[in-house]
**Q** 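The structure that follows is given in the form of structure tokens.
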Amino acid sequence: FNVNGSEDDGFAWSTGFGFDDPVRALALRPEGGLVVAGEFTRFDNDHWTNEGRPTKSIAQFDVIDPHVNLDPQFDAASSTDGIIYALLAGSGGSIIAGGDFSYYRNQSHSGIVQINRYGYADAAFNSGTGFNNGVRCFAQAPDGSLIVGGLFTAYNGTPCGHITRL
């Protein structure tokens, strides 16, 4: 949108079909890219699968004004077994994703995962057993910690009543 609220006709988002299902979360990267997550399995008819099965997905785009192009270096092919509802893009290309999932790229990540610039889970971000229910939102505090909210009532087995700080 333009500053006055009108649609930006010069922003060429899709040259074809766009997404095949709902987008649930967006995050702008400090260096200018865009991360999109949701229930989709296709963008402009490009189909993502997990061993032949359609998967919920996350995608990264290079935003070169006014065009938007799928980032070929970002590979989240197997993505999650559920929906990503929250995204936070950090410096150095990291992305934190939260939602209703138990795995990311066939590795156990219960509700939260940190992803590197290329779409792989960052092993340095260890969420342990994670959340006992879905993550819906988070914000980064000035000290760098993450405040997480959602449907969960425990993190790593510790009660936390729908909100916690990591």
Side-chain angles (χ1 to χ4, degrees), residues 1 5 11 13 18-43 48 50 54-63 68-71 73-166:
F1 287 98
F11 186 70
W13 173 250
F19 292 101
D20 66 335
D21 276 312
V23 169
R24 299 290 183 185
L26 301 170
L28 289 172
R29 292 187 163 282
E31 61 275 7
L34 176 68
V35 183
V36 180
E39 298 176 56
F40 54 87
T41 58
R42 294 176 189 254
F43 175 75
W48 297 301
N50 175 15
T55 184
K56 308 301 184 206
S57 216
I58 182 170
Q60 179 171 280
F61 295 86
D62 288 324
V63 181
V68 177
N69 302 300
L70 195 59
D71 184 346
Q73 295 180 357
F74 188 82
D75 178 16
S78 60
S79 198
T80 69
D81 61 337
I83 300 168
I84 295 172
Y85 286 99
L87 290 171
L88 178 68
S91 61
S94 69
I95 304 161
I96 298 176
D100 290 334
F101 55 87
S102 58
Y103 76 78
Y104 178 81
R105 292 188 64 98
N106 296 320
Q107 296 176 351
S108 180
H109 294 280
S110 190
I112 193 165
V113 62
Q114 183 166 301
I115 305 164
N116 70 19
R117 181 198 183 330
Y118 302 102
Y120 293 89
D122 182 349
F125 185 86
N126 183 357
S127 61
T129 58
F131 295 96
N132 69 341
N133 210 330
V135 170
R136 289 294 183 268
C137 57
F138 38 68
Q140 193 160 28
D143 66 0
S145 64
L146 195 64
I147 301 168
V148 183
L151 305 174
F152 58 88
T153 57
Y155 177 71
N156 283 332
T158 302
C160 56
H162 306 285
I163 191 166
T164 193
R165 180 188 291 244
L166 305 182

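Here the structure is a predicted model, which means the values were calculated and not measured. Any value given below was found using the heavy atoms of this structure, including those in side chains, with hydrogens, waters and symmetry copies removed.
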**Q** Could you pull out the closest heavy-atom pair between Cys137 and Ala86, with the gap in Å?
**A**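 Closest approach of Cys137 to Ala86: CA-CB, 3.9 Å.
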
**Q** Could you please spell out the steps behind the side chain to side chain contact (heavy atoms under 4.5 Å, CB included) verdict for Ile115 and Val35?
**A** CA-CA 11 Å; Ile115 305 164; Val35 183; over 6 Å; no

**Q** How would you list, by chain and number, every residue that makes a ring pair (Phe, Tyr, Trp, His ring centres under 6.0 Å) with Phe138, sequence neighbours excluded?
**A** none

**Q** Could you pull out all residues at least two apart from Asn156 that satisfy side chain to side chain donor-acceptor pair (under 3.5 Å)?
**A**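 If we apply the side chain to side chain donor-acceptor pair (under 3.5 Å) test to Asn156, skipping adjacent residues, the hits are Thr129.
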
**Q** So Phe101 and Ile84, do their side chains get closer than 4.5 Å, heavy atoms only?
**A** yes

**Q** Compare every heavy atom of Pro30 with every heavy atom of Gly90, then report the nearest pair and how far apart it is.
**A**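 Looks like O-CD, 3.7 Å.
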
**Q** Could you tell me which residues satisfy side chain to side chain donor-acceptor pair (under 3.5 Å) with Asn116, sequence neighbours excluded, listed by chain and number?
**A**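 None.
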
**Q** How are the rings of Tyr104 and His109 set to each other: parallel, tilted or perpendicular (split at 30° and 60°)?
**A** perpendicular

**Q** Ser108: what forms a side chain to side chain donor-acceptor pair (under 3.5 Å) with it, not counting sequence neighbours?
**A** none

**Q** Which heavy atom in Ala89 sits nearest to a heavy atom in Leu28, and how many Å separate them?
**A** CB-O, 3.5 Å

**Q** Is any side-chain heavy atom of Leu88 less than 4.5 Å from a side-chain heavy atom of Leu146?
**A**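 Side-chain contact under 4.5 Å: yes.
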
**Q** Does Asn126 have any side chain to side chain donor-acceptor pair (under 3.5 Å) partners at least two apart in sequence or in another chain, and if so, which?
**A**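 Listed in chain order: nothing, the list is empty.
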
**Q** With distance as the sole test, does Asp100 use its side chain to make a donor-acceptor pair with the main-chain N or O of Gly82 at under 3.5 Å?
**A** no

**Q** Indicate whether any N or O donor in one side chain lies under 3.5 Å from an N or O acceptor in the other, for Thr153 and Asn133.
**A** no

**Q** Please identify each residue that fulfils side chain to side chain contact (heavy atoms under 4.5 Å, CB included) with Ile147, with sequence neighbours left out.
**A**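 In terms of side chain to side chain contact (heavy atoms under 4.5 Å, CB included), with neighbours along the sequence ignored, Ile147 is linked to Ala141, Ile163, Arg165.
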
**Q** What closest approach, in Å, do Ala121 and Gln107 show between heavy atoms, and which atom pair accounts for it?
**A**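 Closest pair (atom of Ala121, atom of Gln107, distance): CB-OE1, 3.7 Å.
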
**Q** State, with a plain yes or no, whether a side-chain heavy atom of Val113 is found less than 4.5 Å away from one of Thr80.
**A** no

**Q** Does Phe131 form a side chain to side chain contact (heavy atoms under 4.5 Å, CB included) with Val148? I'd like the steps, not just the answer.
**A** CA-CA 10 Å; Phe131 295 96; Val148 183; 3.7 Å; yes

**Q** Is the Lys NZ or Arg CZ of Arg136 less than 6.0 Å from the centre of Tyr85's six-membered ring, within 45° of the axis?
**A** yes

**Q** Give, for atom CD1 of Ile95 and atom CZ of Arg29, the distance between the pair rounded to the nearest 0.5 Å.
**A** 4.0 Å

**Q** What is the distance from atom CZ of Phe125 to atom CG of Leu166, rounded to the nearest 0.5 Å?
**A** 6.0 Å

**Q** Would you say Asp81's side chain and Ser102's backbone share a donor-acceptor pair under 3.5 angstrom?
**A**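 Indeed, once roles are kept as given, a pair shorter than 3.5 Å links the two residues.
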
